[in-house]
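Below is one structure, written out as structure tokens; the observations come after it.
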Amino acid sequence: MATDDLMSRILADLGDFVEVDGTLPVEVIHRLVDSGESGSPMSIAEVAQMLGLSAHTLRYYESQGLVTVGRDSAGHRVYDTAAQRRLVFLTRMRLSGMPMRDLAHYVELVEQGEETVPERLDLLLEHRDTVRRRIRELTLSLAATEYKIATYGGRTGDESPATETP
């Protein structure tokens, strides 16, 4: 499943979980994708099902160095709990719109150790600011669209109302 498909499924599942101020309760964030707390190793098919992603996406993350995956005696991928947690994080960040290059940089920083925590925080703060800007842009776009719908009075544009301006 592509990230867009996963997002559509999650948005449909959210229903009425949005708070009055437009935020989501933290429980919803935890439910975005299963947290992978099974404690036992999983196959690629099991992890893909758990996260709602395709096996192709999981192999892509591995090929990009975002997750390290062990192999069993037959050479099949085996996702331990650390790999599962990493994939949950990657999935949540991709759902938030974080670009792959930023995710790759973040993972590099994680692998460098605790001394990179301030830089990782900066990266997440920058991403948060980007998301907030996109929300403002989309809010403006929605307002413009709503205005045009109201101006047309429900018409689809076949007729030009006298009060409408381009």
[Y] side chain reached by [X] side chain, heavy atoms, under 4.5 Å:
{"X": "D80", "Y": "M42", "answer": "no"}
{"X": "L90", "Y": "L87", "answer": "yes"}
{"X": "M100", "Y": "L66", "answer": "yes"}
{"X": "R94", "Y": "Y61", "answer": "yes"}
{"X": "E119", "Y": "Q112", "answer": "no"}
{"X": "L142", "Y": "E146", "answer": "yes"}
{"X": "V110", "Y": "T116", "answer": "no"}
{"X": "L123", "Y": "L121", "answer": "no"}

**Study point:** Side-chain donor-acceptor pair present, H127, S96, cut-off under 3.5 Å
**Key:** yes

Which heavy atom of [X] sits nearest to which heavy atom of [Y], and what is that distance?
{"X": "P118", "Y": "E115", "result": "CD-O, 3.6 Å"}
{"X": "L58", "Y": "I44", "result": "CD1-O, 3.6 Å"}
{"X": "A55", "Y": "A48", "result": "N-CB, 4.0 Å"}

Say you draw a straight line from [atom1] of [X] to [atom2] of [Y]; how long is it, rounded to the nearest 0.5 Å?
{"X": "M98", "Y": "L124", "atom1": "CE", "atom2": "CG", "value": "5.0 Å"}
{"X": "S63", "Y": "H56", "atom1": "OG", "atom2": "NE2", "value": "8.0 Å"}
{"X": "E62", "Y": "R77", "atom1": "CD", "atom2": "CZ", "value": "4.5 Å"}

Check: [Y] main-chain N/O paired with [X] side-chain donor or acceptor under 3.5 Å:
{"X": "E46", "Y": "S43", "answer": "yes"}
{"X": "Q84", "Y": "Y79", "answer": "yes"}
{"X": "T57", "Y": "L53", "answer": "no"}

Review point. If you measure from the Lys or Arg side-chain nitrogens to the Asp or Glu carboxylate oxygens, is any gap between E126 and R120 under 4.0 Å?
Key: no

**Study point:** E108 and R101 ion-paired at < 4.0 Å
**Key:** no

Please determine whether residues [X] and [Y] belong to a single hydrophobic cluster, defined as Ile, Leu, Val, Met, Phe, Trp and Tyr linked transitively by side-chain heavy-atom distances below 4.5 Å.
{"X": "V117", "Y": "V107", "answer": "no"}
{"X": "V78", "Y": "L51", "answer": "no"}
{"X": "L103", "Y": "L109", "answer": "no"}

Exercise for review: Could you check I135 against V131 for side-chain contact (heavy atoms from CB on, under 4.5 Å), going step by step and ending with a plain yes or no?
Suggested key: CA-CA 6 Å; I135 290 169; V131 169; 4.0 Å; yes

